[in-house]
Number of protein chains: 2
Amino acid sequence: MPIVGVEDKRKQQLIDAALSSIAELGLQKTTIISISQRAGMSSGIISHYFGGKQGLVEAALRHLLDKLGRSFLEKIQQTDGSAKARILCIIEANFTEFQRSELAARTWLSFWARSMHEPGLKRLQQINNARLCSNLRFAFAQCMTRQEAQDAARQTAAMIDGFWLRSALSVDPDENFASGEALCKSFALSFIDTQ
Amino acid sequence: MPIVGVEDKRKQQLIDAALSSIAELGLQKTTIISISQRAGMSSGIISHYFGGKQGLVEAALRHLLDKLGRSFLEKIQQTDGSAKARILCIIEANFTEFQRSELAARTWLSFWARSMHEPGLKRLQQINNARLCSNLRFAFAQCMTRQEAQDAARQTAAMIDGFWLRSALSVDPDENFASGEALCKSFALSFIDTQ
DNA sequence: ATTTTTATTGATTGAACGTTCAATTAAGGA
DNA sequence: TCCTTAATTGAACGTTCAATCAATAAAAAT
């Protein structure tokens, strides 16, 4: 069945299949077989396109992070550039991201855990994290000192990640998400509304 | 070399060895061999005392959680029962726990990730989490409404977990911890000092 | 129609791992 | 001293999994 010129399409299909498997089975129990079955292809195709399982996993994380970044950029362009609007956009982007759900939260936690021991994943996480903190710092800096903005950014970033972590482990992830987004916003805006 | 009546001692030695291996290699790469080597025993002993690797991992997590609980109880007994004191104790216990270090943060993240797919671990995490939230809610409830206390407890718990998560992934975990403890305290106390 | 190139397959390989259990060792009792 | 019992060992086994690669199939080129 070989059709020429489908490299990008096949890669995307495999990334989707990998994310689906990670969401359902976890990164731990996701195998080359579980991915290739979901993609309707053979096991050998993964090494062919991504050089191995690790390469596909990295590509899948990169895909998620790209999506997160684009989500923020889209939102921010529909607002004025005020500190309040920027902060709401950042938080919304981090919670909205392709339906917050138990499965999405588990996927993130899987990637977080693995990135402790795989430098490629760790690097991607750190780039994304630096971007989040930088965006928050910039927004907060519009209405407080540099040091205060730094602290507020760290607290907000930690609270966002904390709610994601808790959603992955919670018995009731949806309820956790809904209140998480609201509580992060109310915390972050408390710096701004009171000034 | 068999010596009688050493069951509890052996179990503790194996738990220590398991935690050491998890801290260094991660739960993913921790094997029955890596544990038994550190304990100076043979590989079969783990199944003998814990019924298998999974049993030992559960026992190790239980041991960590016990330590965390005792740490809080010790601290709280050295203070008055004021809301402020209780909250400081809770946060300190969660950050001090067995020297905050890169390795300790990685150990927690390893357990968090695995507990998504192992009901035994998940149960332990949820019990511990319920205790943390309950303690925080009780303290906050001394100076605000029930709903406000619930929200404040969730925010504080998320921030604590978020800083732990970020320490495990950070390039500079120690700096993350030091500021994390201070920032969690300052956040939590902002509810109290302003009333 | 034939050849060449590209795409895909899936059986096989070899390594890693958890578990099992017969064998071994030494302590305590007779 | 001999026997029983508790403690411990570690080789063997079966399973799982990622990676490899020769074989195959279809498109493109000739």
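Quick caveat, the model's predicted, so the values are computed rather than measured. Every heavy atom of this structure was used, including side-chain atoms; hydrogens, water molecules and symmetry mates were not. Residue numbering restarts at 1 for every chain, and letters A, B, ... go by the order of the sequence lines.
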Separation of atom [atom1] in [X] from atom [atom2] in [N], rounded to whole Å:
X	N	atom1	atom2	result
A:Gln13	C:dT8	CD	P	9 Å
B:Ile45	C:dT25	CD1	C1'	13 Å
B:His48	C:dT24	NE2	P	18 Å
A:Glu7	C:dT5	CD	C1'	15 Å

Pair A:Arg70 + A:Glu74, salt bridge at N-O below 4.0 Å: no
Charged N-O contact under 4.0 Å between A:Arg106 and A:Glu102: yes
Sugar-phosphate, base or nothing in reach of B:Tyr49, heavy atoms under 4.0 Å: sugar-phosphate
List every contact pair, protein side and nucleotides 12-19 of chain D side both N or O, where the distance is under 3.5 Å.
| unit_1 | atom_1 | unit_2 | atom_2 | d |
| --- | --- | --- | --- | --- |
| D:dA18 | OP1 | A:Lys53 | NZ | 2.8 |
| D:dA18 | OP2 | A:Ile32 | N | 2.9 |
| D:dA19 | OP2 | A:Lys53 | N | 2.9 |

Distance-only donor-acceptor check, side chains B:Asp16 and B:Gln12, under 3.5 Å: yes
Flag for B:Ser21-B:Ser34: side-chain donor and acceptor within less than 3.5 Å: yes
Side chain of A:Ser42 - closest among D:dT8, C:dG10, C:dA7: C:dG10
Residues that A:Glu58 engages under side-chain hydrogen bond (donor to acceptor under 3.5 Å, both in side chains), provided they are two or more places apart: none
Residues, nucleotides or ligands: over 12 heavy atoms within 6.0 Å of A:Lys84 NZ: no
